[in-house]
Amino acid sequence: MLDLKFIREHSQAVKQGILAKGEMGDVDLILTLDEERRKLIHQVESLKKERNDHSKLVSKYKKEGKDASELIQSTKDISIRIKKLDSRLSDIEEKIFTQQSKIPNMPHESTPIGKDASDNVEVRQWGDIPVFDFDILDHLELGERLDILDFKRGGKVTGSGFPVYKGMGARLERALINFMLDIHVDRHGYTEIFPPFVANRASMFGTGQLPKLEEDMYYTKKDDLFLIPTAEVPVTNLHRDEILTADQIPVKYVAYSACFRREAGSYGKETRGFLRVHQFNKVEMVNFVKPEDSYDFHEQLLREATEILELLEIPYRVILLCSGDLSFAAAKCYDIETWSPAEGKWLEASSVSNFEDFQARRANIRFRRERGAKPEFVHTLNGSGLATSRLMVSLLENYQTDEGTIIIPPVLRPYLGGLDVIKRKY
RNA sequence: GGAGAGGUGGCCGAGCUGGCUGAAGGCGCUCGCCUGCUAAGCGAGUAUAGGGGCAAAACCUCUAUCCAGGGUUCGAAUCCCUGCCUCUCCGCCA
């Protein structure tokens, strides 16, 4: 959410930002409504003052034994006028709020302006793309032959897009999650959170999923709750409506969660196997920091995420998203993509975003620099570190051998009881 | 799911027979004084948001806020209704 005052004072910049992001948003309507709002506030507040004064007089008259009936009658009229104006005012404020919530965050100055993914900028690449001297298999075939992934039965239990991990596949998934959590906790100073996987409307609004992405989320009607699309939602909302003290900041949380996405209307391309699923696992890092530090933390977050891939020795590249490819709430975002030898392309395994105060304003997360200082909005950032589904694709495909086995990266072996290779059972 | 209790400022905690109560008192914190030595005492201050005054800050002023939303009333933290949340007991379940 952008500050109403900011929209009022920088309407041109906001319009440009909306265009650059390829979003919708009616700035002029907001400006018109805001003007009316302020006019109404002025009227209704002076009436309220009058009413308050009258009420005090009534009290005084009664104490003195004077007749207050005339005064009471005239005050009654004032109250009726107030009620009318108040309801008009809240009507307008609701309209403003609706419009305001639809305005995306502004892209940061270091975000390249562009239309779509083709305007994204590659920042760097790490590791060499592997060359194989045999015919490689894709992760689906590998998973099936090794009997570690079962997409078919997942379809039976739930529907397509709900993969089942089996045997060493399940253990490998668990190993990846534990490995990533341990690195972030032990080396990057994170506090681990195990959050709820279901969140309410206020939380979904706080991080910016609502209202725009309602159709993309699983929803439980009876309880008016949403299955989380990312741990970012519950973890960021941990501090909703709070004022943090300066010594609490920066807050660094890391959380594992299952992530649920309906991916409505995305059938067809790129839906094979793990490439697009409705449920996947992700380790997510969330930072709450002072505004002036947020871009330093953004770079640090990127390093913390890529370190995982370097330890796993999986080639990746970092992409700086252009304005048009940026999500609604982000001001700047790096995507980390890992290499899939079978697909012959890069797969997004992580998004590392700086939301500045956009989420903080929606979720009302503030901090005080010192006692007595005015509360300010924090800056929130988050980054996947990482999503295991795409990571699993790259891991299986990059570490496959001509025998159809999978070499386990050394850093993961302690998590797999020392196992160094996954072999076929038959 | 059934029965009951409750949600007040950074925290604790009054008020809840409606009227200078934005809210006693305590703790914490900040500043000052005194005193001086791991302490105590004294004084002052200590919410947030919005509107207006202003180019802006400081400041002044008004309005709102005692979980949220409605209602009653000249006037509500105080009365009524609805919702949310917390706690206790019972039931059910992992």
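Numbered from 1 within each chain, the chains take letters A, B, ... in sequence-line order.
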Whole-Å distance between B:A64 P and A:E93 CD? 14 Å
I'd like the C1' distance from B:G18 over to B:A49, given in whole Å. 26 Å
Using purine N1 to pyrimidine N3 plus N6-O4 or O6-N4 for Watson-Crick, or N1-O2 and O6-N3 for G-U wobble, each under 3.5 Å, what pairs with B:G43? B:C31
Touch check for A:K63, heavy atoms < 4.0 angstrom, all strands: base, sugar-phosphate only, or nothing? nothing
Between B:U17 and B:C11, how far is it from one P atom to the other, in whole Å? 26 Å
Should the side chain of A:E45 and the base of B:G50 be counted as holding a donor-acceptor pair, with the cut-off at 3.5 Å? yes
Using purine N1 to pyrimidine N3 plus N6-O4 or O6-N4 for Watson-Crick, or N1-O2 and O6-N3 for G-U wobble, each under 3.5 Å, what pairs with B:A5? B:U86
Can you tell me, in whole Å, how much space there is between the P of B:A57 and that of B:A40? 41 Å
May I ask which nucleotide in the shown strands pairs with B:C54, Watson-Crick or G-U wobble, both distances under 3.5 Å? none
Do A:E214 and A:R201 meet the salt-bridge criterion of a basic N to acidic O distance under 4.0 Å? yes
Rounded to the Å, how far apart are A:I72 CD1 and B:U72 P? 16 Å
Name the pairing partner of B:U63, where a pair is Watson-Crick or G-U wobble with both distances under 3.5 Å, or state none. B:A49
Pairing partner (Watson-Crick or G-U wobble, both distances under 3.5 angstrom) of B:C79: B:G71
Rounded distance (Å) that lies between atom P of B:G19 and atom CZ of A:R51: 16 Å
Specify the residue among A:V44 and A:R368 whose closest nucleotide of RNA chain B lies further upstream toward the 5′ end. A:R368
Applying a 4.0 Å non-hydrogen cut-off, can you work out what A:R366 is touching in the nucleic acid: base, sugar-phosphate, or nothing? sugar-phosphate
Would you please test A:F328 and A:L213 for side chain to side chain contact (heavy atoms under 4.5 Å, CB included) and show each step? CA-CA 10 Å; A:F328 181 74; A:L213 301 176; over 6 Å; no
A:L4 CG to B:G51 C1', in whole Å, measures 12 Å
Nearest whole angstrom, please: distance from the P of B:A49 to the CZ of A:F97. 17 Å
No-hydrogen, no-angle side-chain donor-acceptor test under 3.5 Å, A:Y334 and A:E299: yes
Distance, rounded to the nearest Å, where A:L47 contributes CG and B:C74 contributes C1': 14 Å
Would you mind telling me which of A:I422, A:I177, A:L149 makes a side chain to side chain contact (heavy atoms under 4.5 Å, CB included) with A:L172? A:I422
Between B:G32 and B:G26, how far is it from one C1' atom to the other, in whole Å? 22 Å
Partner lookup for B:G18, please. Criteria are Watson-Crick or G-U wobble with both distances under 3.5 angstrom; report none if nothing qualifies. none
Just to be sure I understand the rule, does A:I41 reach a base, reach only the sugar-phosphate, or reach nothing, if contact means heavy atoms closer than 4.0 Å? sugar-phosphate
Of all the nucleotides listed (B:U72, B:A49, B:C74), which has the minimum atom distance to the side chain of A:S55? B:C74
Describe the nucleic acid contact of A:S79 in one word from base, sugar-phosphate, nothing, applying a heavy-atom distance below 4.0 Å. sugar-phosphate
Taking only N and O in the side chain of A:N52, is any of them less than 4.0 Å away from OP1 or OP2 of B:G75? no
Round to a whole Å and report the spacing from CG of A:L71 to P of B:U73. 17 Å
Write down the distance separating the P atoms in B:U46 and B:C54, rounded off to the nearest Å. 27 Å
Trace of the salt bridge (charged side-chain N to carboxylate O under 4.0 Å, His left out) decision for A:R37 with A:E93: CA-CA 7 Å; A:R37 165 182 160 267; A:E93 286 185 330; 3.5 Å; yes
Is the distance from OP1 or OP2 of B:G52 to the nearest side-chain N or O of A:R38 less than 4.0 Å? yes
Pick base, sugar-phosphate or nothing for A:K39, based on heavy-atom distances below 4.0 Å to the nucleic acid. nothing
Side-chain N or O of A:R81 closer than 4.0 Å to phosphate OP1/OP2 of B:C74: no
What distance, rounded to whole Å, do you find between the two P atoms, one in B:U82 and one in B:A5? 15 Å
Going by distance alone, is a donor N or O of one side chain under 3.5 Å from an acceptor N or O of the other, for A:N200 and A:S203? yes
Across the strands shown, which category fits A:K48 at heavy-atom distances under 4.0 angstrom: base, sugar-phosphate, nothing? sugar-phosphate
With rounding to the closest Å, how many angstrom separate the C1' atoms on B:C29 and B:C67? 26 Å
Roughly how far apart, to the nearest Å, are B:G10 and B:U48 at atom C1'? 13 Å
Is the closest side-chain donor-acceptor distance between A:D150 and A:Y165 under 3.5 Å? no
Checking B:A49, B:G51, B:C74 against the side chain of A:K5 (C-beta onward), the nearest is B:G51
Quick one about A:E232 and A:T207 (side-chain donor to acceptor, distance below 3.5 Å, no hydrogens or angles considered), yes or no? no
Once you apply a heavy-atom cut-off of 4.0 Å, does A:T75 come out as touching a base, just sugar-phosphate, or nothing? sugar-phosphate
Ranking A:K374 and A:Q73 by the position along RNA chain B of their nearest nucleotide, the one closer to 5' is A:K374
Can you tell me which nucleotide in B:G50, B:G52, B:U63 comes closest to the side chain of A:K49? B:U63
Mind calculating the distance between CG (A:D241) and C1' (B:G10) to the nearest angstrom? 16 Å
